[in-house]
Amino acid sequence: MSLPSFQNWVDNTIQDATQMSDAQLVSSFAVHGCGDFSHFINFDRDSLIDLYVADRCYDMFWNQYSKMLATL
């Protein structure tokens, strides 16, 4: 995938995530065993969106999730 195509894909993923509700974002993480709000109690909406993009575009859910937990 070329760099402009990848950037478009990331931009589209961000746009999709911003249109999703918090519940939809959280439920999208069910594949990782984290599909309810108990795993994201102190996460704000921007963090959920960042985590969604990290998961969908970079396949880095656990890396990003652990970094976010460490900063709480």
Side-chain angles (χ1 to χ4, degrees):
M1 181 180 300
S2 68
L3 188 57
S5 295
F6 182 74
Q7 186 61 52
N8 287 338
W9 181 47
V10 171
D11 291 343
N12 289 337
T13 303
I14 293 168
Q15 185 177 21
D16 290 345
T18 58
Q19 294 175 2
M20 296 170 75
S21 68
D22 289 352
Q24 289 173 314
L25 288 168
V26 169
S27 68
S28 74
F29 305 132
V31 69
H32 300 292
C34 302
D36 60 49
F37 279 98
S38 67
H39 296 96
F40 306 99
I41 293 171
N42 294 320
F43 284 56
D44 62 3
R45 180 163 176 78
D46 290 337
S47 295
L48 291 173
I49 291 171
D50 290 345
L51 188 57
Y52 182 84
V53 173
D55 183 31
R56 294 299 187 263
C57 296
Y58 302 101
D59 196 26
M60 295 183 67
F61 174 83
W62 290 113
N63 183 289
Q64 188 69 20
Y65 181 68
S66 65
K67 285 181 181 179
M68 288 178 171
L69 285 178
T71 62
L72 295 177

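FYI, the numbering just counts along the sequence from 1.
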**OP:** Please examine the side chains of M20 and I49, heavy atoms only from C-beta on, and report whether any two atoms are closer than 4.5 Å.
**Re:** no
Subject >> D11: salt bridge (charged side-chain N to carboxylate O under 4.0 Å, His left out) partners, not counting sequence neighbours >> reply: none
Original post:
So, do F29 and F40 have ring centers that fall under 6.0 Å from each other?
Top reply: yes
Subject >> Distance in Å, W9 CH2 paired with T13 OG1, rounded so as to fall on 0.5 Å steps >> reply: 6.0 Å
Original post:
Considering residues at least two apart in sequence or located in another chain, which fulfil the side chain to side chain contact (heavy atoms under 4.5 Å, CB included) criterion with Q19?
Top reply: Q15
Subject >> Close side-chain approach of L25 to F43, heavy-atom, < 4.5 Å >> reply: no
Original post:
Are Y58 and F6 near enough that their ring centres are under 6.0 Å apart?
Top reply: yes
**OP:** List the atom of H39, the atom of G33, and the distance in Å for their closest heavy-atom pair.
**Re:** CE1-O, 3.6 Å
Original post:
With distance as the sole test, does D55 use its side chain to make a donor-acceptor pair with the main-chain N or O of L51 at under 3.5 Å?
Top reply: no
Subject >> Pairs satisfying salt bridge (charged side-chain N to carboxylate O under 4.0 Å, His left out), at least one member in residues 18-27, at least two apart >> reply: D22-R45
Subject >> V10 side chain reached by I14 side chain, heavy atoms, under 4.5 Å >> reply: yes
Subject >> Atom of C34, atom of W62 and distance for their closest heavy-atom approach >> reply: SG-CH2, 3.7 Å
Subject >> Nearest-0.5 Å distance that lies between atom CE in M68 and atom CG in N42 >> reply: 13.0 Å
Original post:
Can you tell me how far OG of S28 sits from CG of D16, rounded to the nearest 0.5 angstrom?
Top reply: 11.5 Å
Original post:
Taking it one step at a time, do M60 and Y65 satisfy side-chain contact (heavy atoms from CB on, under 4.5 Å)?
Top reply: CA-CA 8 Å; M60 295 183 67; Y65 181 68; over 6 Å; no
**OP:** Decide if atom CG of D59 counts as having more than 12 heavy atoms of other residues, nucleotides or ligands within a radius under 6.0 Å.
**Re:** no
Original post:
Is there a donor-acceptor pair closer than 3.5 Å between any side-chain N or O of Q64 and the backbone N or O of F61?
Top reply: no
Subject >> Pair D50-S47, side chain to side chain donor-acceptor pair (under 3.5 Å): steps then yes or no >> reply: CA-CA 5 Å; D50 290 345; S47 295; 5.4 Å; no
